[in-house]
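Following: one structure in structure tokens, then a few remarks.
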There are 2 protein chains.
Amino acid sequence: MAYHHGDLRAALLAAAEDALRTRGPGELSLRELAREVGVSPAAPSRHFRTKQALLDALAMEGYDRLTAVLGPALTGGSFADRLNALIRSYVTFVTENVALHELMFSRKHDPSAPPELIAATHRLMGLALGVIEDGQRRGEVRAGPALELAVPLAAVLQGLADLTSHGGLPDAKAEDALRETIAFTLRGYAP
Amino acid sequence: MAYHHGDLRAALLAAAEDALRTRGPGELSLRELAREVGVSPAAPSRHFRTKQALLDALAMEGYDRLTAVLGPALTGGSFADRLNALIRSYVTFVTENVALHELMFSRKHDPSAPPELIAATHRLMGLALGVIEDGQRRGEVRAGPALELAVPLAAVLQGLADLTSHGGLPDAKAEDALRETIAFTLRGYAP
DNA sequence: TCAAAATGTTGGCGTTGCATACATTGTTAT
DNA sequence: ATAACAATGTATGCAACGCCAACATTTTGA
């Protein structure tokens with residue numbers, strides 16, 4: 001039995017995300033994670049000074065994965081293509097990572113959140129902004145201040161993700177609702 | 001000093017909401033609430049069997065207040081008027097009750113949430129649905145299955161509230177973004 | 001009036017996050 | 001090579017928490 005774990009930090013993050021999926025956030029205990037990983041209760045503190053720090057790191061990982069997923073959706077094609085890909089991949093990510101997504105965005109209400117997290121949300125907003133600006137250059141999106149125009153898109157993304165992940169809609173209807181929402185968004189942005 | 005408090009339940013809820021405003025949710029402690037109200041640590045358990053039960057009750061109170069605020073927005077006037085009033089009053093409520101709103105909607109991801117809470121969210125969705133259906137009757141909203149059409153509205157509400165309450169936008173820009181989002185929504189629903 | 005229900009109190013149990021002090025292993029400079 | 005040092009993990013303890021069980025005090029109503 002090695003005294004040193006090898007890569008405790010990664011192991012903790014993995015265990016934490018697993019716990020996040022099965023149980024909710026909030027039911028997540030540092031001591032329990034330590035137990036699962038097979039390490040003493042105080043060991044995690046070497047890598048995460050506080051429980052919140054671990055959650056923040058987990059959220060950052062979530063942002064990285066999200067932007068990675070969203071990246072391909074934003075290259076090439078018409079505005080309609082990009083919008084379609086953006087919305088669909090966003091919704092997919094959220095439904096597949098409900099608790100993680102909730103963690104990422106519940107944290108941003110706290111002014112004491114680490115700057116990296118704030119930056120990550122801004123970067124995400126920047127993605128939406130880029131899609132709008134590109135659409136305007138193509139003449140497929142109405143003119144106007146792009147930053148204001150991007151707000152409804154961000155809102156639709158956030159809200160739609162929330163609605164579908166919640167599962168209030170039966171699965172069959174979900175696709176219809178998704179399609180309708182995309183069409184709705186396109187109408188809103190039409191020149 | 002009276003042995004019985006008189007209305008502990010209400011006092012606890014009030015203290016809880018206050019604590020929710022100042023500190024976040026999660027930093028909310030039953031024992032501390034009991035202390036603030038001037039009662040023994042185990043007293044709250046007579047009115048809320050568990051901490052979650054108290055939070056749920058608080059969330060229900062939030063739904064009641066929200067629907068009360070939204071009610072006036074939904075009577076009379078054109079579709080544009082109703083939509084405008086609905087979005088604005090929703091955003092106002094959320095910005096004035098950030099933590100409460102977060103509590104209300106974070107809870108709905110949990111399948112073990114009490115039925116009354118689930119019913120409350122459905123009732124809220126029903127409000128949006130009503131606005132759409134009325135708009136259709138007036139010929140001011142495009143034809144189509146109202147339930148699908150209502151999804152983008154609910155999404156915009158949820159997402160916009162999230163964006164503005166987070167405060168990412170400077171206050172001056174917030175009004176512009178709000179106006180733009182309302183116009184965007186009207187275009188999306190235009191026949 | 002007096003038994004039962006409602007409401008509070010006391011005390012205790014197990015768990016948690018965190019701080020402190022100590023132990024072991026890796027790394028690096030001499 | 002080895003001694004100093006940093007990194008990482010352990011042991012222990014503390015205060016607070018949620019919850020439970022047993023007991024006390026009121027209020028209610030038959």
Side-chain angles (χ1 to χ4, degrees), chain A residues 1-61 99 102-103 106-107 110 112-114 117, chain B residues 1-60 99 103 106-107 110 112-114 117:
Chain A
M1 189 56 180
Y3 192 90
H4 281 147
H5 176 282
D7 197 353
L8 221 198
R9 185 189 157 91
L12 283 174
L13 281 176
E17 191 187 342
D18 192 69
L20 200 61
R21 279 184 196 283
T22 61
R23 321 182 238 316
E27 349 284 318
L28 195 148
S29 143
L30 280 185
R31 288 176 112 106
E32 183 175 349
L33 291 183
R35 246 173 277 137
E36 288 178 11
V37 174
V39 91
S40 89
S45 75
R46 295 293 171 188
H47 302 272
F48 305 99
R49 302 204 354 208
T50 172
K51 180 182 180 176
Q52 189 60 63
L54 191 158
L55 293 177
D56 288 343
L58 211 61
M60 271 307 294
E61 201 185 84
E102 188 178 340
L103 175 68
S106 72
R107 191 61 180 123
D110 192 334
S112 74
L117 270 186
Chain B
M1 190 58 180
Y3 191 90
H4 282 144
H5 176 280
D7 197 354
L8 220 199
R9 186 189 156 91
L12 282 174
L13 282 176
E17 191 188 340
D18 192 68
L20 201 62
R21 281 184 195 284
T22 61
R23 323 184 236 316
E27 349 285 319
L28 195 149
S29 144
L30 280 185
R31 288 177 112 104
E32 183 175 349
L33 291 183
R35 245 173 279 136
E36 288 177 10
V37 174
V39 91
S40 90
S45 76
R46 295 294 172 187
H47 302 271
F48 305 99
R49 300 202 356 207
T50 172
K51 180 182 180 175
Q52 189 61 62
L54 190 158
L55 293 177
D56 288 345
L58 211 59
M60 271 308 293
L103 175 68
S106 72
R107 190 65 178 121
D110 192 333
S112 73
L117 271 187

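A, B, ... follow the sequence lines: proteins, then strands. Residue 1 opens every chain. In what follows, every heavy atom counts, from backbone to side chain, and hydrogens, waters and symmetry copies are set aside.
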Could you check how far [atom1] of [X] sits from [atom2] of [N], rounded to whole Å?
{"X": "B:Lys51", "N": "D:dC20", "atom1": "NZ", "atom2": "C1'", "answer": "17 Å"}
{"X": "A:Leu30", "N": "D:dC17", "atom1": "CG", "atom2": "C1'", "answer": "15 Å"}
{"X": "A:His5", "N": "C:dA23", "atom1": "NE2", "atom2": "P", "answer": "24 Å"}
{"X": "A:Leu33", "N": "C:dC18", "atom1": "CG", "atom2": "P", "answer": "12 Å"}
{"X": "A:Leu8", "N": "C:dT25", "atom1": "CG", "atom2": "C1'", "answer": "14 Å"}
{"X": "B:Asp7", "N": "C:dA6", "atom1": "CG", "atom2": "C1'", "answer": "14 Å"}
{"X": "B:Arg49", "N": "D:dA21", "atom1": "CZ", "atom2": "C1'", "answer": "15 Å"}
{"X": "B:His47", "N": "C:dA6", "atom1": "NE2", "atom2": "C1'", "answer": "9 Å"}

Report yes if at least one side-chain N or O of A:Thr50 is closer than 4.0 Å to OP1 or OP2 of C:dC18; otherwise report no. yes
Check the phosphate of D:dG18 against B:Ser29, side-chain N and O only, distance under 4.0 Å to OP1 or OP2. Yes or no? yes
Judged by atom type as modelled, is there a donor-acceptor pair below 3.5 Å linking the side chain of B:His5 to the main-chain atoms of B:Asp7? yes
Per atom distances to the B:Arg31 side chain, the nearest of D:dT8, C:dG12, D:dT10 is C:dG12
Minimum-distance nucleotide to A:Ala42 side chain [options: D:dA11, C:dT10, C:dG17]: D:dA11
Roughly how far, to the nearest 0.5 Å, is the [atom2] atom of [Y] from the [atom1] atom of [X]?
{"X": "A:Leu20", "Y": "A:Glu102", "atom1": "CG", "atom2": "CD", "result": "8.5 Å"}
{"X": "B:Lys51", "Y": "B:Leu33", "atom1": "NZ", "atom2": "CG", "result": "8.5 Å"}
{"X": "B:Asp56", "Y": "B:Leu117", "atom1": "CG", "atom2": "CG", "result": "5.0 Å"}
{"X": "B:Arg31", "Y": "B:Ser40", "atom1": "CZ", "atom2": "OG", "result": "9.5 Å"}

Heavy-atom nearest nucleotide on DNA chain C for A:Leu28 versus A:Ser45: which residue maps closer to 5'? A:Leu28
Using the closest heavy atom to pick a nucleotide of DNA chain D for each, name whichever of B:Glu32 or A:Arg9 lands nearer the 5' end. A:Arg9
So which one's nearest nucleotide on DNA chain D is more toward 5', B:Pro41 or B:His4? B:Pro41
